[in-house]
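Being a predicted model, the structure only gives us computed values, none of them experimental. Counting starts at 1 for both ligands and their atoms, following the listed order.
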Amino acid sequence: DKHPVRVAVTGAAGQIGYSLLFRIASGDMLGKDQPVILQLLEVTPALKALQGVVMELRDCAFPLLADIVTSDDPNVAFKDADYALLVGAMPRKAGMERGDLLSANGGIFKPQGEALNRVASRDVKVLVVGNPANTNALIAQQNAPDLTPGQFTAMVRLDHNRAVSQLAEKTGEPVTAIQNLTIWGNHSSTQYPDLSAATVSGRPALELVDREWYEGQYIPTVAKRGAAIIEARGASSAASAASAAIDHMRDWALGTPEGQWVSMGIPSDGSYGVPEGLIYGFPVKCSGGSYEIVQGLDVSDFSRGKMDATAQELTEERDEVRKLGLV
Ligand code: NAX
(Lines give C-alpha, C1' and ligand atoms only; values in the text may rest on other atoms or scores of the structure.)
Protein backbone atom coordinates (compact mmCIF):
# COMPACT_ATOMS: atom_id res chain seq x y z
CA ASP A 1 0.00 0.00 0.00
CA LYS A 2 1.16 3.51 -0.82
CA HIS A 3 2.01 6.03 1.92
CA PRO A 4 -0.40 8.99 2.09
CA VAL A 5 0.82 12.21 0.47
CA ARG A 6 0.06 15.66 1.84
CA VAL A 7 -2.04 17.99 -0.30
CA ALA A 8 -2.39 21.60 0.90
CA VAL A 9 -5.29 23.69 -0.43
CA THR A 10 -5.80 27.38 0.33
CA GLY A 11 -9.13 29.14 0.12
CA ALA A 12 -10.58 25.76 1.01
CA ALA A 13 -13.96 27.11 2.13
CA GLY A 14 -14.49 28.97 -1.15
CA GLN A 15 -16.47 28.05 -4.26
CA ILE A 16 -13.63 26.28 -6.09
CA GLY A 17 -12.61 24.51 -2.88
CA TYR A 18 -16.10 23.08 -2.58
CA SER A 19 -15.60 21.13 -5.82
CA LEU A 20 -11.88 20.59 -5.64
CA LEU A 21 -11.55 18.93 -2.26
CA PHE A 22 -14.00 16.16 -3.07
CA ARG A 23 -12.24 15.39 -6.36
CA ILE A 24 -8.84 15.20 -4.66
CA ALA A 25 -10.20 13.01 -1.86
CA SER A 26 -11.85 10.62 -4.31
CA GLY A 27 -8.56 9.98 -6.11
CA ASP A 28 -9.18 11.94 -9.31
CA MET A 29 -5.96 13.92 -8.94
CA LEU A 30 -3.31 11.44 -7.86
CA GLY A 31 -4.84 8.08 -8.69
CA LYS A 32 -7.25 5.61 -7.16
CA ASP A 33 -4.44 3.92 -5.22
CA GLN A 34 -2.94 7.05 -3.62
CA PRO A 35 -4.14 7.97 -0.10
CA VAL A 36 -4.10 11.69 0.70
CA ILE A 37 -3.97 13.91 3.75
CA LEU A 38 -5.76 17.21 3.11
CA GLN A 39 -4.20 20.27 4.76
CA LEU A 40 -6.64 23.13 4.43
CA LEU A 41 -5.86 26.82 4.85
CA GLU A 42 -8.45 29.55 5.33
CA VAL A 43 -8.62 33.02 6.82
CA THR A 44 -9.78 32.99 10.45
CA PRO A 45 -13.38 34.16 9.80
CA ALA A 46 -13.91 31.30 7.31
CA LEU A 47 -12.74 28.52 9.63
CA LYS A 48 -16.27 27.79 10.82
CA ALA A 49 -17.56 27.36 7.25
CA LEU A 50 -14.49 25.22 6.58
CA GLN A 51 -15.50 22.93 9.45
CA GLY A 52 -18.78 22.35 7.62
CA VAL A 53 -16.89 21.33 4.48
CA VAL A 54 -14.73 19.01 6.58
CA MET A 55 -17.87 17.41 8.02
CA GLU A 56 -19.10 16.73 4.49
CA LEU A 57 -15.73 15.34 3.41
CA ARG A 58 -15.86 12.92 6.34
CA ASP A 59 -19.45 12.03 5.47
CA CYS A 60 -18.31 10.81 2.05
CA ALA A 61 -16.23 8.10 3.77
CA PHE A 62 -13.66 8.36 0.96
CA PRO A 63 -11.40 5.29 1.21
CA LEU A 64 -8.35 7.34 0.16
CA LEU A 65 -8.82 10.21 2.61
CA ALA A 66 -6.34 9.42 5.40
CA ASP A 67 -6.65 12.65 7.42
CA ILE A 68 -7.72 16.30 7.32
CA VAL A 69 -5.89 19.22 8.92
CA THR A 70 -7.37 22.74 9.02
CA SER A 71 -5.61 25.96 9.96
CA ASP A 72 -5.41 29.71 9.46
CA ASP A 73 -1.60 29.48 9.63
CA PRO A 74 0.31 28.67 6.41
CA ASN A 75 3.14 27.19 8.49
CA VAL A 76 0.70 24.52 9.66
CA ALA A 77 -1.18 24.00 6.40
CA PHE A 78 1.99 23.76 4.26
CA LYS A 79 3.95 21.54 6.70
CA ASP A 80 5.60 18.77 4.66
CA ALA A 81 3.13 19.39 1.81
CA ASP A 82 3.90 17.37 -1.34
CA TYR A 83 1.35 19.35 -3.37
CA ALA A 84 0.05 22.86 -2.74
CA LEU A 85 -2.94 24.30 -4.57
CA LEU A 86 -3.11 28.02 -3.89
CA VAL A 87 -6.70 28.93 -4.63
CA GLY A 88 -7.50 31.63 -2.06
CA ALA A 89 -6.87 35.13 -3.40
CA MET A 90 -8.22 38.66 -3.31
CA PRO A 91 -10.64 39.08 -6.22
CA ARG A 92 -10.74 42.31 -8.21
CA LYS A 93 -13.47 44.57 -6.87
CA ALA A 94 -15.21 47.33 -8.80
CA GLY A 95 -12.95 50.34 -9.21
CA MET A 96 -9.79 48.44 -8.28
CA GLU A 97 -6.69 49.26 -10.34
CA ARG A 98 -4.29 46.49 -11.33
CA GLY A 99 -1.74 47.88 -8.87
CA ASP A 100 -4.24 47.64 -5.98
CA LEU A 101 -5.07 44.08 -6.96
CA LEU A 102 -1.42 43.06 -7.20
CA SER A 103 -0.64 44.69 -3.89
CA ALA A 104 -3.57 43.00 -2.10
CA ASN A 105 -2.50 39.64 -3.48
CA GLY A 106 1.12 40.30 -2.58
CA GLY A 107 -0.08 40.37 1.02
CA ILE A 108 -1.27 36.79 0.53
CA PHE A 109 1.29 35.19 -1.81
CA LYS A 110 4.48 36.64 -0.28
CA PRO A 111 3.89 35.08 3.18
CA GLN A 112 2.61 31.90 1.55
CA GLY A 113 5.79 31.62 -0.55
CA GLU A 114 7.87 32.19 2.59
CA ALA A 115 5.93 29.51 4.46
CA LEU A 116 6.32 27.01 1.60
CA ASN A 117 10.03 27.79 1.63
CA ARG A 118 10.22 27.07 5.37
CA VAL A 119 8.01 24.04 5.89
CA ALA A 120 6.87 22.32 2.69
CA SER A 121 8.41 19.14 1.28
CA ARG A 122 11.56 20.01 -0.70
CA ASP A 123 9.85 18.47 -3.72
CA VAL A 124 6.54 20.31 -3.34
CA LYS A 125 4.61 20.93 -6.53
CA VAL A 126 2.79 24.27 -6.36
CA LEU A 127 -0.16 25.30 -8.52
CA VAL A 128 -1.50 28.85 -8.25
CA VAL A 129 -5.16 29.22 -9.22
CA GLY A 130 -5.99 32.48 -7.41
CA ASN A 131 -5.93 35.48 -9.72
CA PRO A 132 -3.90 37.12 -11.12
CA ALA A 133 -2.58 33.56 -11.17
CA ASN A 134 0.65 33.96 -13.18
CA THR A 135 1.90 36.92 -11.19
CA ASN A 136 0.76 35.47 -7.86
CA ALA A 137 2.83 32.38 -8.73
CA LEU A 138 5.80 34.66 -9.44
CA ILE A 139 5.40 36.36 -6.05
CA ALA A 140 5.25 33.04 -4.17
CA GLN A 141 8.21 31.68 -6.15
CA GLN A 142 10.40 34.72 -5.56
CA ASN A 143 9.79 34.44 -1.82
CA ALA A 144 10.84 30.79 -1.72
CA PRO A 145 14.56 30.94 -2.54
CA ASP A 146 15.32 27.45 -1.21
CA LEU A 147 12.90 25.78 -3.60
CA THR A 148 13.48 25.41 -7.36
CA PRO A 149 11.70 28.08 -9.45
CA GLY A 150 10.12 25.39 -11.63
CA GLN A 151 8.22 24.04 -8.62
CA PHE A 152 5.87 27.04 -8.98
CA THR A 153 3.25 26.92 -11.72
CA ALA A 154 0.08 28.82 -12.62
CA MET A 155 -3.18 27.51 -14.02
CA VAL A 156 -4.01 28.06 -17.69
CA ARG A 157 -5.58 24.60 -17.92
CA LEU A 158 -9.11 25.94 -17.65
CA ASP A 159 -8.42 28.06 -20.73
CA HIS A 160 -6.89 25.01 -22.41
CA ASN A 161 -9.93 22.86 -21.64
CA ARG A 162 -12.28 25.61 -22.83
CA ALA A 163 -10.29 25.82 -26.07
CA VAL A 164 -10.55 22.04 -26.58
CA SER A 165 -14.28 22.06 -25.95
CA GLN A 166 -14.98 25.04 -28.26
CA LEU A 167 -13.06 23.40 -31.10
CA ALA A 168 -14.80 20.06 -30.54
CA GLU A 169 -18.17 21.77 -30.69
CA LYS A 170 -17.30 23.64 -33.88
CA THR A 171 -16.01 20.57 -35.72
CA GLY A 172 -18.65 18.20 -34.36
CA GLU A 173 -15.97 15.89 -33.02
CA PRO A 174 -15.57 14.54 -29.48
CA VAL A 175 -13.12 16.33 -27.17
CA THR A 176 -10.94 13.22 -27.25
CA ALA A 177 -10.28 13.85 -30.97
CA ILE A 178 -8.58 17.19 -30.21
CA GLN A 179 -4.84 17.24 -29.59
CA ASN A 180 -1.96 19.64 -29.16
CA LEU A 181 -3.45 23.06 -28.89
CA THR A 182 -1.67 25.57 -26.67
CA ILE A 183 -2.61 28.44 -24.39
CA TRP A 184 0.33 30.83 -24.49
CA GLY A 185 0.91 33.49 -21.85
CA ASN A 186 -1.24 35.00 -19.16
CA HIS A 187 -4.48 33.67 -17.68
CA SER A 188 -6.21 36.88 -18.76
CA SER A 189 -7.88 38.28 -21.84
CA THR A 190 -4.47 38.60 -23.55
CA GLN A 191 -3.96 34.82 -23.54
CA TYR A 192 -3.37 33.23 -26.94
CA PRO A 193 -5.30 30.03 -27.66
CA ASP A 194 -3.19 28.71 -30.53
CA LEU A 195 -4.47 26.16 -33.04
CA SER A 196 -1.37 26.24 -35.28
CA ALA A 197 -0.30 22.72 -34.30
CA ALA A 198 -3.67 21.42 -33.14
CA THR A 199 -5.24 18.38 -34.76
CA VAL A 200 -8.77 17.01 -34.87
CA SER A 201 -8.79 13.26 -35.39
CA GLY A 202 -5.29 13.67 -36.77
CA ARG A 203 -6.15 16.43 -39.27
CA PRO A 204 -4.78 19.97 -38.88
CA ALA A 205 -7.42 22.02 -37.06
CA LEU A 206 -6.79 25.11 -39.17
CA GLU A 207 -7.75 23.16 -42.31
CA LEU A 208 -11.16 22.41 -40.77
CA VAL A 209 -12.18 25.89 -39.61
CA ASP A 210 -11.89 29.17 -41.43
CA ARG A 211 -9.43 31.79 -40.44
CA GLU A 212 -12.10 34.43 -39.84
CA TRP A 213 -13.87 32.24 -37.29
CA TYR A 214 -10.55 31.38 -35.63
CA GLU A 215 -9.39 34.97 -35.21
CA GLY A 216 -12.71 36.73 -34.84
CA GLN A 217 -14.74 34.27 -32.79
CA TYR A 218 -12.77 31.40 -31.37
CA ILE A 219 -9.93 33.30 -29.72
CA PRO A 220 -12.16 35.91 -28.03
CA THR A 221 -14.75 33.30 -26.98
CA VAL A 222 -12.09 31.27 -25.19
CA ALA A 223 -10.43 34.35 -23.69
CA LYS A 224 -13.72 35.82 -22.45
CA ARG A 225 -15.36 32.60 -21.31
CA GLY A 226 -14.89 33.48 -17.65
CA ALA A 227 -16.96 36.64 -18.05
CA ALA A 228 -19.67 34.74 -19.96
CA ILE A 229 -19.97 32.26 -17.07
CA ILE A 230 -20.32 35.10 -14.56
CA GLU A 231 -22.96 36.71 -16.74
CA ALA A 232 -24.99 33.48 -17.00
CA ARG A 233 -24.46 31.95 -13.57
CA GLY A 234 -24.13 35.05 -11.45
CA ALA A 235 -20.93 33.60 -10.05
CA SER A 236 -17.51 32.81 -11.45
CA SER A 237 -16.41 29.40 -12.79
CA ALA A 238 -15.98 27.01 -9.93
CA ALA A 239 -16.49 23.32 -10.80
CA SER A 240 -14.74 23.75 -14.15
CA ALA A 241 -11.86 25.59 -12.46
CA ALA A 242 -11.56 22.80 -9.90
CA SER A 243 -11.61 20.21 -12.70
CA ALA A 244 -8.83 22.05 -14.52
CA ALA A 245 -6.74 22.18 -11.34
CA ILE A 246 -7.18 18.40 -11.00
CA ASP A 247 -6.09 17.93 -14.63
CA HIS A 248 -3.03 20.20 -14.21
CA MET A 249 -1.77 18.41 -11.10
CA ARG A 250 -2.61 14.91 -12.36
CA ASP A 251 -0.71 15.40 -15.61
CA TRP A 252 2.26 16.97 -13.81
CA ALA A 253 2.40 14.15 -11.25
CA LEU A 254 1.45 11.18 -13.38
CA GLY A 255 2.42 12.28 -16.91
CA THR A 256 0.75 13.37 -20.15
CA PRO A 257 -0.41 10.75 -22.66
CA GLU A 258 2.14 9.65 -25.26
CA GLY A 259 2.41 12.10 -28.17
CA GLN A 260 0.20 14.76 -26.57
CA TRP A 261 0.79 17.98 -24.73
CA VAL A 262 -1.07 20.28 -22.35
CA SER A 263 -0.71 23.95 -21.36
CA MET A 264 0.86 24.98 -18.05
CA GLY A 265 1.92 28.36 -16.70
CA ILE A 266 5.60 27.81 -15.89
CA PRO A 267 8.75 29.93 -15.50
CA SER A 268 10.05 30.83 -18.95
CA ASP A 269 13.54 29.59 -19.79
CA GLY A 270 13.61 31.93 -22.77
CA SER A 271 12.02 29.40 -25.16
CA TYR A 272 10.09 30.93 -28.06
CA GLY A 273 11.54 34.34 -27.22
CA VAL A 274 9.51 34.66 -24.02
CA PRO A 275 11.43 36.79 -21.48
CA GLU A 276 13.14 34.51 -18.98
CA GLY A 277 11.52 34.17 -15.58
CA LEU A 278 7.96 35.20 -16.50
CA ILE A 279 5.34 32.64 -15.45
CA TYR A 280 3.91 32.05 -18.91
CA GLY A 281 1.59 29.49 -20.49
CA PHE A 282 3.61 27.01 -22.61
CA PRO A 283 2.94 23.69 -24.32
CA VAL A 284 4.41 21.02 -22.05
CA LYS A 285 4.83 17.28 -21.84
CA CYS A 286 5.12 15.67 -18.42
CA SER A 287 6.68 12.42 -17.29
CA GLY A 288 8.24 11.11 -14.09
CA GLY A 289 6.86 14.07 -12.12
CA SER A 290 8.49 16.77 -14.25
CA TYR A 291 7.52 18.85 -17.23
CA GLU A 292 9.33 19.95 -20.35
CA ILE A 293 8.44 22.65 -22.89
CA VAL A 294 7.56 21.27 -26.33
CA GLN A 295 10.24 22.69 -28.65
CA GLY A 296 10.46 23.34 -32.36
CA LEU A 297 6.92 24.55 -33.08
CA ASP A 298 6.52 26.99 -35.94
CA VAL A 299 5.61 30.53 -34.89
CA SER A 300 3.79 32.56 -37.55
CA ASP A 301 3.75 36.37 -37.58
CA PHE A 302 0.21 36.26 -36.21
CA SER A 303 1.30 34.00 -33.36
CA ARG A 304 4.37 36.12 -32.68
CA GLY A 305 2.23 39.22 -32.21
CA LYS A 306 -0.15 37.46 -29.82
CA MET A 307 2.66 35.80 -27.84
CA ASP A 308 4.50 39.09 -27.49
CA ALA A 309 1.38 41.00 -26.38
CA THR A 310 0.63 38.58 -23.54
CA ALA A 311 4.33 38.55 -22.55
CA GLN A 312 4.22 42.33 -22.47
CA GLU A 313 1.28 42.28 -20.06
CA LEU A 314 3.11 39.83 -17.78
CA THR A 315 6.24 41.97 -17.92
CA GLU A 316 4.20 44.97 -16.81
CA GLU A 317 2.69 42.97 -13.94
CA ARG A 318 6.16 41.86 -12.92
CA ASP A 319 7.46 45.44 -13.02
CA GLU A 320 4.54 46.51 -10.86
CA VAL A 321 5.16 43.87 -8.16
CA ARG A 322 8.87 44.71 -8.27
CA LYS A 323 8.01 48.33 -7.54
CA LEU A 324 5.89 47.14 -4.63
CA GLY A 325 8.87 45.18 -3.29
CA LEU A 326 7.02 41.87 -3.55
CA VAL A 327 9.60 40.09 -5.71
P1 NAX B 1 -14.12 32.39 -3.33
O2 NAX B 1 -14.15 33.83 -2.97
O3 NAX B 1 -15.38 31.59 -3.34
O4 NAX B 1 -13.13 31.62 -2.34
C5 NAX B 1 -11.86 32.11 -2.04
C6 NAX B 1 -11.55 31.67 -0.62
O7 NAX B 1 -10.21 32.05 -0.33
C8 NAX B 1 -12.44 32.32 0.43
O9 NAX B 1 -13.05 31.32 1.23
C10 NAX B 1 -11.47 33.17 1.24
O11 NAX B 1 -11.79 33.22 2.63
C12 NAX B 1 -10.16 32.43 1.00
N13 NAX B 1 -8.96 33.23 1.25
C14 NAX B 1 -8.76 34.55 1.03
N15 NAX B 1 -7.54 34.90 1.44
C16 NAX B 1 -6.94 33.79 1.91
C17 NAX B 1 -5.68 33.55 2.48
N18 NAX B 1 -4.78 34.51 2.67
N19 NAX B 1 -5.39 32.28 2.88
C20 NAX B 1 -6.29 31.29 2.72
N21 NAX B 1 -7.52 31.48 2.21
C22 NAX B 1 -7.83 32.71 1.79
O23 NAX B 1 -13.37 32.31 -4.73
P24 NAX B 1 -13.32 31.11 -5.78
O25 NAX B 1 -14.45 31.23 -6.71
O26 NAX B 1 -13.10 29.83 -5.05
O27 NAX B 1 -12.03 31.52 -6.61
C28 NAX B 1 -10.74 31.51 -6.03
C29 NAX B 1 -9.72 32.18 -6.94
O30 NAX B 1 -9.61 31.48 -8.17
C31 NAX B 1 -10.08 33.63 -7.33
O32 NAX B 1 -8.90 34.40 -7.22
C33 NAX B 1 -10.49 33.50 -8.78
O34 NAX B 1 -10.28 34.70 -9.48
C35 NAX B 1 -9.55 32.41 -9.23
N36 NAX B 1 -9.90 31.73 -10.49
C37 NAX B 1 -8.88 31.35 -11.29
C38 NAX B 1 -9.07 30.66 -12.47
C39 NAX B 1 -7.92 30.24 -13.34
O40 NAX B 1 -8.19 29.70 -14.42
N41 NAX B 1 -6.65 30.44 -12.99
C42 NAX B 1 -10.44 30.34 -12.92
C43 NAX B 1 -11.45 30.34 -11.83
C44 NAX B 1 -11.29 31.42 -10.80
O45 NAX B 1 -11.90 32.60 -11.28
Side-chain angles (χ1 to χ4, degrees), residues 8-23 39-54 69-78 81 84-93 96 98 101-116 126-140 153-163 183 185-189 191 193 222-231 233-249 262-266 279-281:
V9 179
T10 76
Q15 292 203 86
I16 294 175
Y18 195 68
S19 288
L20 180 60
L21 301 177
F22 297 85
R23 301 277 308 272
Q39 306 193 154
L40 310 178
L41 183 70
E42 258 298 350
V43 293
T44 316
L47 285 176
K48 177 159 180 264
L50 183 59
Q51 279 320 310
V53 178
V54 168
V69 175
T70 62
S71 182
D72 56 5
D73 178 355
N75 293 298
V76 174
F78 294 157
L85 293 89
L86 310 188
V87 179
M90 175 76 75
R92 188 189 287 256
K93 296 190 185 110
M96 227 183 187
R98 184 161 69 183
L101 182 72
L102 292 171
S103 140
N105 279 293
I108 296 174
F109 288 87
K110 186 175 196 285
Q112 291 187 359
E114 291 165 349
L116 286 164
V126 182
L127 167 62
V128 176
V129 174
N131 280 323
N134 301 52
T135 296
N136 286 340
L138 183 73
I139 295 170
T153 67
M155 190 163 94
V156 295
R157 185 59 177 267
L158 179 55
D159 309 298
H160 180 99
N161 289 348
R162 286 165 172 167
I183 304 294
N186 202 1
H187 168 67
S188 77
S189 55
Q191 67 176 262
V222 172
K224 294 180 192 154
R225 185 70 161 180
I229 303 278
I230 293 174
E231 166 67 21
R233 203 174 84 88
S236 57
S237 321
S240 56
S243 198
I246 294 281
D247 289 347
H248 177 115
M249 280 304 211
V262 295
S263 307
M264 285 171 67
I266 58 168
I279 307 278
Y280 188 97

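The closest protein non-hydrogen atom to atom 21 (N) of ligand 1 is Gly11 N, 3.3 Å. If you check which protein heavy atom lies closest to atom 19 (N) of ligand 1, you get Gln112 NE2, 3.4 Å. The nearest heavy-atom contact from the protein to atom 15 (N) of ligand 1 is Val43 CG1, 3.6 Å. Atom 29 (C) of ligand 1 has Val87 O, 3.2 Å as its closest protein atom, hydrogens excluded (heavy atom only). Counting protein heavy atoms only, atom 18 (N) of ligand 1 is closest to Ile108 CG2, 3.5 Å. When only non-hydrogen protein atoms are considered, atom 45 (O) of ligand 1 lies nearest to Asn131 ND2, 3.8 Å. At the shortest separation from atom 38 (C) of ligand 1 among protein heavy atoms lies His187 NE2, 3.6 Å. With respect to atom 43 (C) of ligand 1, the closest heavy atom belonging to the protein is Ala241 CB, 3.5 Å.
Contacts of Gln15 with ligand 1, taken as heavy-atom pairs under 4.0 Å, involve both backbone and side chain. By the criterion of a heavy-atom distance under 4.0 Å, both the backbone and the side chain of Val129 are placed next to ligand 1. No part of Met90 comes within 4.0 Å of ligand 1, judged by heavy-atom distances. Both the backbone and the side chain of Ile16 come within 4.0 Å of ligand 1, counting heavy atoms alone.
Side-chain polar atoms of Ser237 and Arg162 form a donor-acceptor pair below 3.5 angstrom. Gln51 and Thr70 share a donor-acceptor pair across their side chains, judged by distance under 3.5 Å alone.
In this structure, Tyr18 places its OH atom where only 12 or fewer heavy-atom neighbours from other residues, nucleotides or ligands lie under 6.0 Å away.
Residues His248 and Val129 fail the side-chain proximity criterion, which asks for heavy atoms closer than 4.5 Å. Between Phe78 and Leu86, some side-chain heavy-atom pair lies under the 4.5 Å cut-off. Contact annotation: the side chain of Ile246 approaches that of Leu20 to within less than 4.5 Å [non-hydrogen atoms, C-beta and beyond]. Between Val156 and Gln191 the shortest side-chain heavy-atom distance does not fall below 4.5 Å. By the 4.5 Å heavy-atom criterion applied to side chains, Ser240 and Asn161 are not counted as neighbours.
Note that atom 23 (O) of ligand 1 has no protein non-hydrogen atoms nearby, at separations under 4.0 angstrom. For atom 41 (N) of ligand 1, the nearest protein heavy atom lies under 4.0 Å away.
Counting only distance, with no hydrogens or angles, the side chain of Glu42 and the backbone of Ala13 share a donor-acceptor pair below 3.5 Å. Judged by distance alone, the side chain of Asn134 and the main-chain N or O of Ala154 form no donor-acceptor pair under 3.5 Å. In this structure, Arg98 contributes its side chain and Leu101 its backbone to no donor-acceptor pair below 3.5 Å.
Backbone and side-chain nitrogen or oxygen atoms of Glu42 are examined, and one is located within less than 3.5 angstrom of a nitrogen or oxygen of ligand 1. Between Ser237 and ligand 1, not a single N/O pair is under 3.5 Å apart.
Less than 4.0 angstrom separates some heavy atom of Ala89 from each of these atoms of ligand 1: 32 (O).
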